[in-house]
Amino acid sequence: MDEQELRYLRLLSEAFPNIATATTEIINLSAVLSLPKGTEIFASDIHGEYEAFSHLLRSGSGSIRLKIEDAFGEDLTAAEKRDLATLIYYPREKRELMLERVEDERAWYTTTIERLIALCKQASGKYTCSKVRKALPEEFAYAIQELMNENNIAVDRERYHQTIIDAVIATGQEAAFVDELCRLIQRFSVDHLHIIGDIYDRGPAPDAIMDTLANYHCLDIQWGNHDIVWMGASLGQRGCIAHVVRNCARYGNLSILEDAYGINILPLADFALEAYAEDPCVAFGLKGDPDLPERQLMISQKIQKAMAIIQFKVEGQLIRERPELGLSDRMLLHKIDHDAGTVVVDGVEYALTDTVFPTLDPADPYRLTPQEESVMARLEQSFTSSEKLQRHMKLFLENGSLYKMDSGTLMFHASVPLNEDGTLMEAEVFGKRYKGRELYDVLEHHVRDAFFSEDEEVRLRDRDLLWWLWLSPASPLFAKSKMATFELYLIADKAARKEVKNPFYSLQDDEQAMAGIFRDFGMDPETSRIVCGHVPVKAKDGEDPVKCNGRVLTIDGGFSRAYQPTTGIAGYTLISNSYGFVLAAHEPLSSKREAIEKGLDIHSSRRVVERVSERTLVADTDNGARLQERVDDLSRLVHAYRQGFIPERNPGAPNSRIASA
């Protein structure tokens with residue numbers, strides 16, 4: 001045995017000090033490898049729509065309904081199944097409503113607990129006993145574990161179980177017990193959650209989504225461009241801050257800043273009301289018809305315009321300071337003819353939809369006024385000192401990345417930029433050119449340096465790169481010809497507003513182009529798939545989210561209410577289980593209140609996009625490969641113990657390790 005191998009096995013022996021502990025772990029891991037793989041859910045472009053997203057998580061994207069059907073079949077009526085499902089999704093609220101309709105609370109609790117235990121067994125069937133035990137709520141772990149045990153050989157389990165339920169009720173714990181069982185079923189229904197970018201912007205509650213994800217048992221996040229711009233804002237990057245504040249105003253969601261993240265916008269509001277006091281802000285109406293009082297609507301419009309002008313100024317300053325970012329064509333303020341009320345974009349002169357610019361100096365259009373500078377300085381301080389925002393950005397960094405490869409699935413938010421001929425498109429990043437996976441890897445390195453580099457100059461440089469990632473045509477997170485914010489506000493002609501998508505999107509059915517991407521990422525083109533979002537799929541117009549014979553799945557279906565008229569649906573979720581892949585297209589959820597009171601669920605159409613001939617086991621996944629490596633390492637450790645290369649410690653001690661998979 002060579003010295004390097006022996007050194008590694010000695011390190012491994014710190015965790016497994018003897019043959020007994022090592023062989024126990026081998027047995028446990030080998031058992032895990034033989035189980036069916038857990039259910040994974042992929043969701044993209046959630047855009048702050050907490051209620052719809054929360055409902056999908058609570059319902060397991062419809063999987064809990066299926067489990068109820070499997071467990072009870074014809075034994076329950078349709079109404080009973082509907083009530084049971086809603087109870088599992090919203091245990092406290094639905095329980096209280098259901099108890100108002102029953103005469104015998106004790107009987108209701110007894111029946112409900114029995115049904116929930118049956119579902120716990122159904123939902124946890126593909127997990128090890130160890131994993132199930134770890135998921136149990138500490139205060140009720142013993143009772144739930146015993147109720148799930150069906151062994152009737154030595155004991156009358158039915159009577160034993162009834163005694164446990166009676167004791168739960170007698171001690172006044174029945175409500176809490178039911179609630180925990182419901183949450184446990186939710187937990188067992190989804191083994192892993194993949195978020196394919198864009199949690200932020202447009203919708204009203206991204207913070208609530210982030211709080212939910214912070215407590216989720218197993219997830220990963222691929223950053224979207226709307227996420228990366230919030231990450232930049234959290235670092236005080238002015239271009240990112242200006243967008244974030246303007247966008248919140250545009251969608252009537254300034255409460256996200258004030259109430260959720262404690263960001264003080266009062267100085268901005270005072271400035272906007274003064275600078276644009278007599279300005280009707282004709283080009284700055286709010287999106288999505290937010291239900292705001294008239295005065296708040298007016299203030300939001302003025303804030304939106306004030307921040308739009310500030311944004312165009314600070315972006316111009318950034319472009320001048322960092323010409324290497326290649327965004328000089330986005331400097332448009334100096335191309336305005338104030339006398340004629342026109343602007344030149346891409347060599348074409350257009351009439352402006354709004355010509356009231358009280359803070360714009362034609363001689364120096366990118367200079368902030370003293371009041372604007374004061375506003376930005378205060379916003380910088382608020383963003384960088386928001387404890388909750390910093391905590392949520394930390395979640396992005398700890399659980400997120402620009403892309404992820406797992407068991408033949410390549411996940412990224414938007415694209416791998418391509419040329420028209422399907423070859424990988426190069427992008428210049430600080431003087432060097434990259435493409436494909438190499439581009440993703442170097443950009444992720446810069447993102448993390450923006451937060452963690454000990455070199456202040458590097459942190460500031462890479463902080464600006466986050467803004468570039470948000471809107472550059474070369475950014476794999478954006479991948480369009482331009483971010484046409486200026487044109488959308490100030491030019492009516494749709495030709496000026498058009499954002500041309502990177503050829504990646506038109507080539508998604510091109511097997512050769514997609515195979516080139518897979519090979520660049522070291523994946524097999526015959527067995528791999530891409531899951532991405534970013535560009536809404538216009539399902540109402542017949543657009544298919546499944547491309548390239550199932551090798552590419554674009555799952556932005558319109559979680560954002562603002563995009564639902566475009567897509568015709570309310571989002572997709574992709575569900576991967578041991579039988580294959582299913583794509584669910586969801587109808588809008590009317591409201592959480594109606595879901596609880598009337599038992600309304602999100603109606604979804606499900607489509608099998610890939611079915612496997614044999615059920616996929618944990619051993620067939622990338623996680624299974626890692627577990628098998630662990631088994632092989634432990635087997636070598638056992639051999640080293642038996643051959644005397646490494647002495648055992650406490651060989652008579654009880655086994656202390658169990659599988660955690």
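All figures in this text were calculated on a predicted structure; none of them were measured in a lab.
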Let me have the donor-acceptor pairs involving side chains of residues 263-275, under 3.5 Å, with sequence neighbours excluded, atom names and distances please.
unit_1, atom_1, unit_2, atom_2, d
N264, OD1, L266, N, 3.0

Plane angle bin for F412 and Y440 - parallel if under 30°, tilted between 30 and 60°, otherwise perpendicular: tilted
All salt bridge (Lys or Arg N to Asp or Glu O under 4.0 Å) counterparts of [X], not counting sequence neighbours:
X	result
R459	none
R295	none
K302	none
D346	K482

Member of L368, I310, L379, L318 meeting the side-chain contact (heavy atoms from CB on, under 4.5 Å) criterion with R238: L368
Name of the residue among Y50, F396, W230 meeting side-chain contact (heavy atoms from CB on, under 4.5 Å) with I199: F396
Cationic N near anionic O, under 4.0 Å, E487 to R330: yes
Within residues 294-320 or reaching into it, pairs that qualify as ring pair (Phe, Tyr, Trp, His ring centres under 6.0 Å) - sequence neighbours excluded: F312-F486
Ring-face cation of R246 near F284 (centre distance under 6.0 Å, axis angle within 45°): no
Residue that, paired with Y403, satisfies side chain to side chain donor-acceptor pair (under 3.5 Å) out of H413, R437, Q222: R437
